[in-house]
Amino acid sequence: MRFIVSTSTLLKHLQAVSGALSNSAVLPILENFLFEIKDSTLVISATDLQTSMTTSLAVESKEGGKVAVPSKILLDTLKTLPEQPVAFSVDDTTFAIEISAGDGKYRLSGENGEDFPKIPTVENASSVNLPAAVLAEAISKTIFAVSNDELRPAMTGVFCQLSPQNVTFVATDAHKLVRYRRNDAKAEEATSFILPRKALNLLKSSLPSEEVNVSIEYNSTSAFFKFANINLICRLIDERYPDYEAVIPQNNPNKLTLERALFLNCLKRVVIFANKTTHQVRLKISGAELHISSEDIDFANEAHERISCQFDGDDMEIGFNAKFLIEMLNNLSGEEITIEMSTPNRAGILFPSIKDENEDILMLVMPVMLNNHA
């Protein structure tokens, strides 16, 4: 088996799928890329058995075949080579690979491509098409709230609800929750599934910036994403997602509206002086003034700032983890945001003050108990 390809083109395609490689390979062959040639097209695959990615590109080749190529040594080599044609020759018996580039020759040991795990296909699938920009936005707006707690596997992914009316993405770690809904994207039939974090991170980094549609096929066990010349297939998290709607408080008479960037920068300063474990900040709202404070009793550090706001409700005092608020404000758009609250021991709800007709985003943050020192 022999083929010729440009170094930069090959490197670009390898980097696009390299995120699917296994970090701690149970099977040594999972540390390889699978190269398959058919009709002058090279298909490159990478997998960790849970998530798989494939990409294809045209090469100069008169024959077909397959070989598993060590990923690290190949990537490291291509990164140091200038843009030029590079020839691969593979011994069909020993799977030894010789790479010729300019005046250089490099040899490495491959493995039998037949031993590489089969890349799964999605059978009996339903499908939905989403614009790449919508999917990328949905991932960005939710993935920061996904849980790291392996004891609650359902919360280690993003919950996707598809319906004929809209598409909803939800993430929570029990301290914060994000519900991101698109009214301009729809599915023919209602269904729901949980996408794992790794697959979402891979999608986020590889989705094209130009306007293309992403085809999503899914069944009860897997989801298959197809765009440009990349395919990503992942195993779904087979768990029941918590009833997130029940957690969102419905009656919130206290409404605080303020400038997002002003509030964000204020929190970034005040949290520097907060306890390094709790990151607690105190919000004291009276009239048109918000007083934000923090303290770290162990080191006698404290900070106080006042900003003007619009407030409709009874004067109140509530504590939040500033790190959570900062994450949320970074992921909300618009110049002004609204925080709805009821009592100091119930969750606060954040959303942009001016709603978008196509996009509905709601973020929920649990309060922290205030100490009595401030």
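What you see below is based on every heavy atom in this structure, not just the backbone, and it leaves out hydrogens, waters and symmetry mates.
- Salt-bridge check for E335 with R260: failed, with every basic side-chain N at 4.0 Å or more from each acidic carboxylate O.
- Under a 3.5 Å cut-off, the side chain of N183 and the backbone N or O of E357 do form a donor-acceptor pair.
- Between the NZ atom in K284 and the CE atom in M316 there is a gap of 13.0 Å [rounded to 0.5 Å].
- Within 6.0 Å of the CD atom in E188, the count of heavy atoms belonging to other residues, nucleotides or ligands does not exceed 12.
- Residues L256 and V281 are members of one and the same hydrophobic cluster, defined by side-chain heavy-atom contacts under 4.5 angstrom among Ile, Leu, Val, Met, Phe, Trp and Tyr.
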key: Step-by-step salt bridge (charged side-chain N to carboxylate O under 4.0 Å, His left out) determination, E83 to K12   = CA-CA 12 Å; E83 165 57 33; K12 182 181 164 192; over 6 Å; no
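- In terms of heavy-atom proximity, E123 sits nearest to N219 at O-ND2, 2.9 Å.
- E327 pairs in a salt bridge (Lys or Arg N to Asp or Glu O under 4.0 Å) with only one of the listed residues (K141, K268, K176), which is K176.
- Within the 4.5 Å cutoff, the side chain of S18 has heavy atoms near those of the F33 side chain.
- Surrounding CG of N124 are at most 12 heavy atoms belonging to other residues, nucleotides or ligands under 6.0 Å away.
- Between the side chain of Q250 and the backbone N or O of I248, at least one donor-acceptor pair lies under 3.5 Å.
- Without hydrogens or angle criteria, D76 side chain to K79 main chain gives no donor-acceptor distance under 3.5 Å.
- Between the side chain of D314 and the backbone N or O of N254 there is no donor-acceptor pair closer than 3.5 Å.
- Contact between P208 and F227 at its shortest, heavy atoms only, is CD-CD1, 3.5 Å.
- A donor-acceptor pair shorter than 3.5 Å can be found between the side chains of H304 and E302.
- In this structure, I44 and L10 have side chains that are in contact, with non-hydrogen atoms separated by less than 4.5 Å.
- S45 OG to N32 CG: the interatomic distance, rounded to the nearest 0.5 Å, is 12.0 Å.
- Side-chain contact between L290 and F263 is present, with heavy atoms from C-beta onward closer than 4.5 Å.
- For the atom pair D356 CG and F351 CZ, the distance stands at 14.5 Å (nearest 0.5 Å).
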request  = Output, in order, the C-alpha distance, side-chain angles, deciding distance and verdict of side-chain contact (heavy atoms from CB on, under 4.5 Å) for I361 and N331.
outcome  = CA-CA 10 Å; I361 183 164; N331 284 284; 5.9 Å; no
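- By the 4.5 Å heavy-atom criterion applied to side chains, T338 and T257 are counted as neighbours.
- You'll find the side chain of L202 stays beyond 4.5 Å of the side chain of F225, heavy atoms only.
- The hydrophobic cluster containing M53 does not contain F224, counting ILVMFWY residues as joined when their side-chain heavy atoms lie under 4.5 angstrom apart, directly or transitively.
- Within a 6.0 Å sphere centred on CD of E211, other residues, nucleotides and ligands contribute 12 heavy atoms or fewer.
- The two residues K276 and H279 have their closest heavy-atom pair at O-CE1, 3.1 Å.
- Cluster membership for F3 and I97, using ILVMFWY side-chain heavy atoms within less than 4.5 angstrom, is shared.
- Within 6.0 Å of atom CZ in R235, 12 or fewer heavy atoms from other residues, nucleotides or ligands are found, so the atom counts as exposed in its surroundings.
- Between F193 and Y218, the two ring planes are tilted [angle within 30° to 60°].
- By the criterion of side-chain heavy atoms lying less than 4.5 angstrom apart, applied directly or through intervening Ile, Leu, Val, Met, Phe, Trp or Tyr residues, F169 is not grouped with Y241; the two fall into different hydrophobic clusters.
- In K198, the NZ atom is crowded: over 12 heavy atoms of neighbouring residues, nucleotides or ligands sit closer than 6.0 Å.
- Checked by atom type and distance alone, the side chain of T156 pairs as donor or acceptor with a backbone atom of P153 at under 3.5 Å.
- The minimum heavy-atom distance between V86 and A101, with the atom names listed, is CG2-CB, 3.9 Å.
- No donor-acceptor pair closer than 3.5 Å links the side chain of S127 to the backbone N or O of I216.
- Between R282 and E317 there is a side-chain heavy-atom pair separated by less than 4.5 Å.
- Minimum heavy-atom separation, M155 to A174: CE-N, 3.5 Å.
- The aromatic rings of F159 and Y244 sit perpendicular, their planes meeting at an angle over 60°, well past the 30° parallel limit.
- More than 12 heavy atoms of other residues, nucleotides or ligands sit less than 6.0 Å from atom CG of L108.
- Ion pairing between a basic and an acidic side chain is recognised when a charged N comes within 4.0 Å of a carboxylate O; K255 and E336 show no such pairing.
- Crowding of D238 atom CG: a count of heavy atoms from other residues, nucleotides or ligands under 6.0 Å not exceeding 12.
- To the nearest 0.5 angstrom, C266 atom SG is 11.0 Å from L325 atom CG.
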inquiry  = Walk me through whether T41 and D39 qualify under side-chain hydrogen bond (donor to acceptor under 3.5 Å, both in side chains).
reply    = CA-CA 5 Å; T41 298; D39 302 330; over 6 Å; no
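- Between L11 and L75 there is a side-chain heavy-atom pair separated by less than 4.5 Å.
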task = Determine, stepwise, if the pair Q161 / R179 fulfils side-chain contact (heavy atoms from CB on, under 4.5 Å).
result = CA-CA 11 Å; Q161 281 181 304; R179 187 191 71 197; over 6 Å; no
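- Inter-residue side-chain proximity for D173 and D149 is flagged as unmet; no heavy-atom pair is nearer than 4.5 Å.
- In terms of modelled atom types and a separation under 3.5 Å, the side chain of N112 and the main chain of E114 share a donor-acceptor contact.
- A continuous path of Ile, Leu, Val, Met, Phe, Trp and Tyr side chains, each step under 4.5 Å between heavy atoms, connects V270 with I285, placing both in one hydrophobic cluster.
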Check against side-chain contact (heavy atoms from CB on, under 4.5 Å), L74 and L14 = CA-CA 9 Å; L74 180 59; L14 290 174; 3.7 Å; yes
key: From CA spacing to verdict: side-chain hydrogen bond (donor to acceptor under 3.5 Å, both in side chains), N148, R197   = CA-CA 9 Å; N148 293 316; R197 180 206 298 264; 2.5 Å; yes
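- To the nearest 0.5 Å, atom NZ of residue K38 and atom OG of residue S40 are 12.5 Å apart.
- Judged purely by atom type and a 3.5 angstrom limit, S71 uses its side chain to pair as donor or acceptor with the backbone of E31.
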task = Determine, stepwise, if the pair N321 / H175 fulfils side-chain contact (heavy atoms from CB on, under 4.5 Å).
result = CA-CA 9 Å; N321 181 320; H175 301 290; over 6 Å; no
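- Of the inter-residue distances, the one linking L236 atom CG with I194 atom CD1 reads 8.5 Å to the nearest 0.5 angstrom.
- Formation of a donor-acceptor pair under 3.5 Å by the R2 side chain with backbone atoms of E63 is not found in this model.
- Across all their heavy atoms, V128 and L162 have their closest contact at CG1-CD1, 4.0 Å.
- The number of heavy atoms from other shown groups lying within 6.0 Å of CG (L49) is above 12.
- The backbone N or O of Q84 sits less than 3.5 Å from a side-chain atom of T7, completing a donor-acceptor pair.
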